[in-house]
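Written out below as structure tokens is the structure these notes cover.
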Amino acid sequence: MKPLLFENFSQQINLQDTINSGQVFLWEKNGKKWYGINGNDVLAIDQNTRKITSFSENPADIFRNDDNLKKILENISQDKIVESAIQRFPGLRLLRQDPFQCYISFIVSSNSNIQKIKLMLKKLCKKFGRKVRFDGKEFFLFPEPKQLANAQTKDLLSCGLGYRAKSVKNASRDVVSEKIDFEFLKNADYDTTKKTLLKVYGIGDKVADCIMLFSLEKLVAFPLDRWMLRVLQKYYSKKFQSLGKTLTEKKYSMLHEEIINYFGPYAGYSQQFLFKMEREINKKKW
DNA sequence: TACTAACCTGTACG
DNA sequence: ACGTACAGGTTAG
């Protein structure tokens, strides 16, 4: 297999693949543009010109243009499976999300599936988010922490959250009370951040790793869900000692440690490519 | 400490 | 149409 050329990668973002890779849930295609909710902002991206416009004056750099992508891809493609995933989905990118939206999104994701997560979050925005007009269309921004913290349980339940309603409410309260401070956590190290997130009701190992990878600048975070376990068993069964049938808390951290040692400081990027590849192989819906 | 059942809901399958 | 299986991670026992 000939080596990949990473020189022009920044030009080759594939929106469809990036949005449909289990990291974001509030993006929809309308005509020739993709529209996405990112916290208090709405982003529009033309699929052909890739021109980005936004509801706010200063949109966040959601595509992580400040990452040294060439260096990262070269680093993670030392692993041959990851390299083949990159070859299949060269336009896949890791996104930088609004932390509160990401936090609630993955709390809601627990014991659910992508289709349902999208539905629940959409209803949450419609019920609790501010309605705005942008690009001649109507959008609902992601709710503020205090709106969810003060929400009536019955209203949360009407969004289809089920038993997750309690988690969403408690987690939002922890943000309002500043027990959870995203700006602090962005600058804290992996272990501190993880420990802090794990105290929140409704957040376990996997959800914490998703929040850290997708919104808190922890590129080493490698969320282990059932798809990644499948990937590890399929391609890496001899590589990792901690691979067992069940993932207890202890097993999770042992395995995560082994994974970081193997995949390196950009393990989270590797995870995103592997996840995308395996879901596509199994023809899963987004 | 390790394992398991229960959790709420939407979708797919027979 | 109707039940039953499945999708999923966290918590509590």
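Just so we're on the same page: letters track the sequence lines, and every chain starts at 1. All values below were derived from every heavy atom in this structure, side-chain atoms included, with hydrogens, water molecules and symmetry-related copies excluded.
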Legend entry - Atom pair distance, as rounded to whole Å: NZ in A:Lys283 and C1' in C:dA7: 19 Å
Inset, instruction - Scan for ring-ring contact (aromatic ring centres under 6.0 Å, His included) pairs involving residues 34-81 of chain A, sequence neighbours excluded, and state none if there are none. - result: A:Tyr35-A:Phe139
Inset, instruction - With sequence neighbours excluded, tell me which residues meet ring-ring contact (aromatic ring centres under 6.0 Å, His included) with A:Tyr190. - result: A:His256
Inset, instruction - Could you check whether A:Val200 gets within reach of a base, just the sugar-phosphate, or nothing at all, counting any heavy atom under 4.0 Å? - result: sugar-phosphate
Legend entry - Nearest-nucleotide comparison on DNA chain B, the residue closer to the 5′ end among A:Lys285 and A:Lys250: A:Lys250
Legend entry - Separation of the P atoms in C:dG13 and B:dC8, to the nearest angstrom: 14 Å
Inset, instruction - Just call it for A:Lys206: base, sugar-phosphate, or nothing, with non-hydrogen atoms closer than 4.0 Å on any strand. - result: sugar-phosphate
Inset, instruction - Take the protein atom CH2 of A:Trp286 and the nucleotide atom P of C:dA7, then report the distance between them rounded to whole Å. - result: 15 Å
Legend entry - Residue among A:Val168, A:Leu124, A:Val108 satisfying side-chain contact (heavy atoms from CB on, under 4.5 Å) with A:Cys159: A:Leu124
Inset, instruction - Measure from CG on A:Leu247 to P on C:dG9 and round the result to the nearest Å. - result: 9 Å
Inset, instruction - Assess the pair A:Phe128 and A:Phe140: is the distance between their ring centroids shorter than 6.0 Å? - result: no
Legend entry - Gap between atoms CZ and P, on A:Arg164 and C:dT10 respectively (whole Å): 12 Å
Legend entry - Side-chain touch A:Met212/A:Phe222, heavy atoms, less than 4.5 angstrom: no
Inset, instruction - Provide, to the nearest angstrom, the distance between the CD1 atom belonging to A:Ile203 and the P atom belonging to C:dT11. - result: 8 Å
Inset, instruction - Output every pair passing side-chain hydrogen bond (donor to acceptor under 3.5 Å, both in side chains) with a member in residues 211-225 of chain A, not counting sequence neighbours, ordered by first then second residue. - result: A:Arg64-A:Glu217, A:Arg96-A:Glu217
Inset, instruction - For residues A:Glu280 and A:Lys276, report the shortest heavy-atom separation together with the two atoms involved. - result: OE2-NZ, 2.7 Å
Legend entry - Nearest-nucleotide comparison on DNA chain C, the residue closer to the 5′ end among A:Lys166 and A:Trp227: A:Trp227
Inset, instruction - For A:Tyr269, check ring-ring contact (aromatic ring centres under 6.0 Å, His included) against everything at least two apart and list the hits. - result: none
Inset, instruction - Rounded to the nearest angstrom, tell me the gap between atom CG in A:Leu161 and atom C1' in C:dG9. - result: 15 Å
Inset, instruction - Toss me the dot-bracket line for DNA chain B: Watson-Crick and G-U wobble, both under 3.5 Å, 5' to 3', using | for pairs to another strand and [ ] for crossers. - result: ..|||||.||||||
Inset, instruction - Establish, from distance only, whether the side-chain atoms of A:Glu278 and A:Tyr235 form a donor-acceptor pair under 3.5 Å. - result: yes
Inset, instruction - Please state how far atom CG in A:Asp225 lies from atom C1' in C:dT10, giving the value in whole angstrom units. - result: 14 Å
Legend entry - d(OH, A:Tyr201; P, C:dT10) in whole Å: 12 Å
Inset, instruction - Could you check whether A:Ile114 gets within reach of a base, just the sugar-phosphate, or nothing at all, counting any heavy atom under 4.0 Å? - result: nothing
Inset, instruction - Name the first nucleotide and the last nucleotide along DNA chain B (5' to 3') that come under 4.0 Å of a heavy atom in chain A. - result: B:dA2 to B:dA12
